[in-house]
S.K.: 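Let me begin by handing over the structure; questions about it come next.
One-based numbering, in listed order, for ligands and for the atoms of each.
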Amino acid sequence: SSEVSDGEQRRWTLNDFDIGKPLGRGKFGHVYLAREKRSNHIVALKVLFKSQLQQSQVEHQLRREVEIQSHLRHPHILRLYGYFYDQAYLFLCLYIIRIYPCIKRVYLILEYAPKGELYKELQKCKYFSERRAATYVASLARALIYCHGKHVIHRDIKPENLLIGAQGELKIADFGWSVHTFNRRRTMCGTLDYLPPEMVESVEHDASVDIWSLGVLCYEFLYGVPPFEAKEHSDTYRRIVQVDLKFPPKPIVSSAAKDLISQMLVKDSTQRLPLHKLLEHPWIVQNAEPSGVYRG
Ligand SMILES: CC(C)NC(=O)[C@H]1CCC[C@H]1Nc1nc(Nc2ccc(C(=O)N(C)C3CCN(C)CC3)cc2)ncc1C(F)(F)F
C-alpha cells in the first residue's frame, strides 16, 4: 500500500486500477470503489467530467482542492492520494486525419471511507446522542485545529461533506471551498505601511468561519435540523445575521451542550470560542470519546 499512500508524485492512469462498484454521485461526477493493482490498496475514484467543470468554471477550485487536500495528513481528514487526466479520444475522423480529444475526465484518487456518508446516518437516526455528537464535534475540532495551523480554512463544514471511516470515525472530505490564507505580513515584503485597513484586517474570511459552521453542525447533530432553517432563503439569511438562535423543547438537550453552541454561534467572529478552548469545554470533556471513535 506504500505505492498509493506515500504520495510519491507518480503518473497514474486508469490502467493502474481495477474499478469496483459505484459508491454514488458527487456533485461533479461519479465515485467508484477501486483497487490499485500493484499495491492492492482500496481507494475511492472520483470521476469528474472536465466539460462540466469548464462550464461551471470550478477548474481553479478543483486545482486548489487537490493542492490543499493532497498535502493534509490527519486521521479525521480524508486523504487525497493523487489525480490524473484521462483523454478519451474519438477515433480517426473519416474526412480529417486528426484525433480530437473529446471527453477529458479528471480522476481523483481518494481514501475510501467504508462506513459511508454521515448525512445519511443523521437522516436515519434523526439526531445523535450527546456522546456521539460530542465525539464527532471534538474530532472535527482537532482536524480544524490542524488545518488552521496550516493556514487552511475549510469553509464548507456540513453533514454532506463528512464521511465515516472503518472504526466509525469522521473524515472531513471535499475541500472544494477551502482556501489557503496566508498572513499578509509575510507576503507584503515586510512593510504594511501602504496597506489600507481592510487589507491589514483581512476581514472577510478567517479561520473563525469554521468555528461558526462547527457550531451549526453541533446543533444539527443534537436536534436533527440546523439552527437557522427557514422556508425561504431570505428568512434563513435574516435568522443567521440576527443570530436568531432558539433551542426547541424536544429532543431534550443538556444545558452544557446549549452553552457550547451559544459560545460558537456568536456574530462577532473574534468572540467565538477558539477551537482549543472547545476541547476543554465541560460538555466535550464529559461526553466525547477521547479516541474520536464513537462505539455506540
Ligand atoms: C464528501 C463528498 C461530498 N461525498 C462524496 O464524494 C460521496 C459521493 C458518492 C460517495 C461519496 N464519496 C465517497 N464515499 C466513500 N465511501 C462510501 C460511500 C457510500 C457508501 C454507501 O452508503 N453505499 C455504497 C450504499 C450501500 C447500500 N446501497 C443500498 C446504497 C449505497 C459506502 C461507502 N468513500 C470515499 C468517498 C470519496 F469522497 F472519496 F469520494
S.K.: Under 4.0 Å from a heavy atom of Ala173: give me the atoms of ligand 1 that qualify, with their elements.
M.R.: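 Here the atoms of ligand 1 in question are 1 (C).
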
S.K.: Which class fits the ring pair Phe17 and Trp12: parallel under 30°, tilted 30 to 60°, perpendicular over 60°?
M.R.: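 Tilted.
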
S.K.: Is atom 1 (C) of ligand 1 close to the protein, meaning a heavy atom under 4.0 Å from it?
M.R.: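 Yes, there is a protein heavy atom closer to it than 4.0 Å.
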
S.K.: Give the contacting part of Leu78 toward ligand 1: side chain, backbone, both or neither, where contact means a heavy-atom distance below 4.0 Å.
M.R.: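 For Leu78, the contact with ligand 1 is made by the side chain alone.
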
S.K.: Look at atom 29 (C) of ligand 1 and say whether a protein heavy atom is found at less than 4.0 angstrom from it.
M.R.: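 Protein heavy atoms within 4.0 Å of atom 29 (C) of ligand 1 - there are none.
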
S.K.: Is ligand 1 less than 4.0 angstrom away from at least one heavy atom of Glu111?
M.R.: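 Yes, Glu111 has a heavy atom closer than 4.0 Å to ligand 1.
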
S.K.: Among Pro22, Gly24, Gly165, which one puts a heavy atom closest to atom 9 (C) of ligand 1?
M.R.: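 Nearest option to atom 9 (C) of ligand 1, by heavy atoms: Gly24.
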
S.K.: Using distance alone, with no hydrogens and no angle criterion, decide if Glu130 and Trp283 have a side-chain donor and acceptor under 3.5 Å apart.
M.R.: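 A pair is found: one side chain offers a donor N or O, the other an acceptor, under 3.5 Å apart.
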
S.K.: Among all protein heavy atoms, pick out the one at the shortest distance from atom 32 (C) of ligand 1; state its residue, atom name and that distance to 0.1 Å.
M.R.: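 Answer, as residue, atom name and distance: Gly116 CA, 3.6 Å.
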
S.K.: Output the list of atoms in ligand 1 that are nearer than 4.0 Å to some heavy atom of Leu110, sorted by atom number.
M.R.: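 Ligand 1 atoms under the 4.0 Å threshold to Leu110: 39 (F), 40 (F).
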
S.K.: Looking only at distance, does Lys46 have an N or O less than 3.5 Å from an N or O of ligand 1?
M.R.: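 Looking only at distances, the answer is yes, because the N/O contact criterion of under 3.5 Å is met.
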
S.K.: Heavy atoms only, cut-off 4.0 Å: how does Ala113 contact ligand 1, side chain, backbone, both, or neither?
M.R.: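 Ala113 to ligand 1: contacts from backbone and side chain alike.
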
S.K.: Can you establish whether the number of heavy atoms outside Phe228 located under 6.0 Å from its atom CZ is more than 12?
M.R.: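 Result for CZ/Phe228: enclosed.
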
S.K.: In sequence, state the C-alpha distance, the side-chain angles, and the governing distance for His281 and Asp259, and then conclude on side chain to side chain contact (heavy atoms under 4.5 Å, CB included).
M.R.: CA-CA 9 Å; His281 188 280; Asp259 174 74; 2.7 Å; yes

S.K.: Can you tell me the protein heavy atom closest to atom 40 (F) of ligand 1 and the distance?
M.R.: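 The protein heavy atom lying closest is Val31 CG1, 3.3 Å.
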
S.K.: Counting only heavy atoms not in Lys277 (residues, nucleotides, ligands), do more than 12 fall under 6.0 Å from its NZ?
M.R.: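 Atom NZ in Lys277 is not packed in, count stays at 12 or less.
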
S.K.: For atom 7 (C) of ligand 1, what's the nearest protein heavy-atom neighbour? Residue, atom name and distance, please.
M.R.: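 Ranking protein heavy atoms by distance from atom 7 (C) of ligand 1, first comes Glu117 OE2, 3.4 Å.
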
S.K.: Can you tell me which residue and heavy atom of the protein come closest to atom 31 (C) of ligand 1, and the distance to 0.1 Å?
M.R.: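 I find the closest protein heavy atom is Lys120 NZ, 4.3 Å.
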
S.K.: Specify the closest pair of heavy atoms between Met264 and Gly215, including all atoms of both residues, with the distance to one decimal.
M.R.: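 In this case the closest contact between Met264 and Gly215 is CE-N, 3.5 Å.
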
S.K.: Answer side chain, backbone, both or neither: which part of Leu108 comes under 4.0 Å from ligand 1, heavy atoms only.
M.R.: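 Leu108 to ligand 1: no contact under 4.0 Å from either part.
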
S.K.: Please check if the number of heavy atoms outside Glu232 that lie under 6.0 Å from its CD is greater than 12.
M.R.: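 Incorrect, the count does not exceed 12.
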
S.K.: Should you measure from each heavy atom of Asn161, which atoms of ligand 1 turn up under 4.0 Å away?
M.R.: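 So the atoms of ligand 1 that pass are 3 (C).
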
S.K.: Look at Arg64 together with Glu67 and state whether they make a salt bridge at an N to O cut-off of under 4.0 Å.
M.R.: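 Salt bridge flag = no for Glu67 with Arg64.
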
S.K.: Suppose we measure from atom 26 (C) of ligand 1 to each protein heavy atom; which comes out shortest, and what is that distance?
M.R.: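 Among all protein heavy atoms, the one nearest atom 26 (C) of ligand 1 is Lys21 NZ, 4.6 Å.
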
S.K.: A quick test of your reading: do over 12 heavy atoms of other residues, nucleotides or ligands sit less than 6.0 Å from CZ of Phe247?
M.R.: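 Result for CZ/Phe247: enclosed.
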
S.K.: Nearest to atom 23 (N) of ligand 1, what protein heavy atom do you find, and at what distance?
M.R.: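 Nearest neighbour among protein heavy atoms for atom 23 (N) of ligand 1, to 0.1 Å: Leu23 O, 4.5 Å.
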
S.K.: Among all protein heavy atoms in this structure, tell me which lies nearest to atom 36 (C) of ligand 1, with the distance rounded to 0.1 Å.
M.R.: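 Residue, atom and distance for the closest contact: Leu163 CD1, 3.6 Å.
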
S.K.: Is the shortest distance from atom 19 (C) of ligand 1 to a protein heavy atom below 4.0 Å?
M.R.: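 Flag for atom 19 (C) of ligand 1 set to true, protein heavy atom closer than 4.0 Å.
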
S.K.: Just say parallel, tilted or perpendicular for the rings of Tyr219 and Tyr223, cut-offs at 30° and 60°.
M.R.: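 Rings of Tyr219 and Tyr223: tilted, 30 to 60°.
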
S.K.: Take Lys246 and Arg239 through the side chain to side chain contact (heavy atoms under 4.5 Å, CB included) test and state the conclusion after the steps.
M.R.: CA-CA 10 Å; Lys246 296 184 188 105; Arg239 293 197 63 200; 4.2 Å; yes

S.K.: Please work out whether any backbone atom (N, CA, C, O) or any side-chain heavy atom from C-beta onward of Arg25 is under 4.0 Å from ligand 1, and answer side chain, backbone, both or neither.
M.R.: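 Only the backbone of Arg25 comes within reach of ligand 1.
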
S.K.: If you draw a 6.0 Å radius around OH in Tyr127, do more than 12 non-hydrogen atoms from other residues or ligands fall strictly inside?
M.R.: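 No - once you tally the heavy atoms of other residues, nucleotides and ligands closer than 6.0 Å, there are 12 at most.
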
